[in-house]
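Single-structure report; data block below.
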Amino acid sequence: MIATLDRTPLPRAFFDRPVLDVAPDLLGRIVVRTTPDGPIALRLTEVEAYDGPSDPGSHAYRGRTPRNDVMFGPPGHVYVYFTYGMWHCMNLVCGPGGRASAVLLRAGEIIEGAELTRKRRLSARNDKELAKGPARLATALDVDRSLDGTDACAAGDTPLRALTGTPVPPDQVRNGPRTGVAGDGGVHPWRFWIANDPTVSPYRAHTPRRRRS
DNA sequence: CAGTGGATCCACT
DNA sequence: GTGGATCCACTGT
């Protein structure tokens, strides 16, 4: 499992690279959420890359709006959006600044503070499901729009930050089409995950929903 | 395990 | 008015 957990913060330079370089490199890294009840630490096992200007699947594809404003800012900050009327999802903005690229955090393993996440994820049948899926991950870490724009590279005991952790060897990284993305015919194999990890979410193709009458 | 439909509301057109 | 970077309960095999 995890031999020695490196708690060094990830430097800004880590995120100030092309998103396709950053995304696979995030696997095995740690996100720490500091709540009033205590810290929750999550080891990233699955992510997806979104590249603003060239990517129809990206929220930034149609330009800057109040919602996606953080994506256009400096790398290393957190972009949180609200979707499907009830869920939040969490991204880390990548470089170069202003390009509006970001990595969606899709799944992870809770390695500290699981007793806190279980209270928010009552439907999880076991601990592997606590953060298996982007909205579940955000729910487990108690992340919502109030944390949009947080600097994950800031020093100190901030509400949300990214740590070096233990990077995954390249031969353990797998990639494939992104999950549930409209306007992406699966042409972008920009979903990255750790091979054989039980906390990785199942793949689902995008399915447009019928309108209710 | 696979497939289906409901929940729920904000951003954007 | 439209549709979504989802999850969950439920059905049938």
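So you know, we letter chains A, B, ... as the sequences are listed, proteins then strands, and number each from 1.
Both A:Arg145 and A:Met86 sit near DNA chain B, but only A:Met86 has its closest nucleotide nearer the 5' end. Mapping A:Ala124 and A:Gly180 onto DNA chain C via the closest heavy atom, the residue that lands nearer the 5' end is A:Gly180.
Across all strands shown, A:Arg121 has heavy atoms under 4.0 Å from sugar-phosphate atoms exclusively, and none from any base. Using a 4.0 Å heavy-atom criterion, one finds that A:Asn68 contacts no nucleic acid atom at all.
Ion pairing between A:Asp25 and A:Arg17 holds under the 4.0 Å rule for side-chain N and carboxylate O.
Which of C:dA5, C:dC7, B:dC10 sits closest to the side chain of A:Met71 comes down to C:dA5. For A:Arg62, counting side-chain heavy atoms from C-beta on, the closest listed nucleotide (B:dT13, C:dA5, C:dC7) is B:dT13. Distances were taken from every side-chain heavy atom of A:Arg67 (C-beta onward) to each of B:dA11, C:dT6, C:dC8; the shortest belongs to B:dA11.
Rounded to whole angstrom, the span from the CH2 atom of A:Trp190 across to the C1' atom of C:dA5 amounts to 14 Å. Atoms OH (A:Tyr61) and C1' (B:dT13) sit 16 Å apart, rounded to a whole Å. In this structure, NZ of A:Lys132 is placed 11 Å from P of C:dC7, rounded to the nearest angstrom. Rounding to whole angstrom units, CG of residue A:Asn91 and P of C:dT6 are separated by 11 Å. In this structure, A:His188 atom NE2 and C:dA5 atom P are separated by 14 Å, rounded to whole Å. Distance, A:Tyr203 OH to B:dA2 P: 14 Å, rounded to whole Å. Between A:Leu105 atom CG and C:dT6 atom C1' the separation is 15 Å, expressed in whole Å. For the pair A:Leu92 CG and C:dA5 C1', the computed distance is 15 Å after rounding to whole Å.
Within the shown strands, nothing qualifies as a pairing partner of B:dT8 under the Watson-Crick or G-U definition with both distances less than 3.5 Å. Pair assignment for C:dG12: B:dC1, on the basis of Watson-Crick or G-U wobble contacts that are both within less than 3.5 Å.
An aromatic stacking contact between A:Trp87 and the base of C:dT6 is absent, as defined here by ring centres under 5.5 Å apart and ring planes under 30° from parallel. In this structure, the aromatic ring of A:Tyr50 is positioned over the six-membered ring of the base of C:dA5, centres within 5.5 Å and planes within 30°.
Seen from the ring of A:Phe15, A:Arg12 does not count as a face-on cation partner, given the 6.0 Å and 45° thresholds.
For A:Thr83 and C:dA5, the shortest distance from a side-chain N or O to OP1 or OP2 is not below 4.0 Å. Look at A:Arg136 and you'll find a side-chain N or O under 4.0 angstrom from OP1 or OP2 of C:dC8. Look at A:Arg204 and you won't find any side-chain N or O under 4.0 angstrom from OP1 or OP2 of B:dA2. For C:dT6, neither phosphate oxygen OP1 nor OP2 lies less than 4.0 angstrom from any side-chain nitrogen or oxygen of A:Arg178.
The base of C:dA5 does not come close enough to the side chain of A:His206 for any donor and acceptor atom to sit less than 3.5 Å apart. The base of B:dA7 has none of its N or O atoms less than 3.5 Å from a complementary donor or acceptor on the side chain of A:Tyr84.
Taken from OG1 in A:Thr117 to CG in A:Leu137, the straight-line distance is 10.5 Å, to the nearest 0.5 Å.
Across A:Asp148, A:Thr150, A:Asp144, A:Asp142, a single residue satisfies side chain to side chain donor-acceptor pair (under 3.5 Å) together with A:Ser146, and that is A:Asp144. For the side chain to side chain contact (heavy atoms under 4.5 Å, CB included) test with A:Leu44, the passing option among A:Val31, A:Ile194, A:Thr199, A:Val168 is A:Val31; the others fail.
Few gaps surround CG on A:Asp171; more than 12 heavy atoms of other groups in view lie less than 6.0 Å from it.
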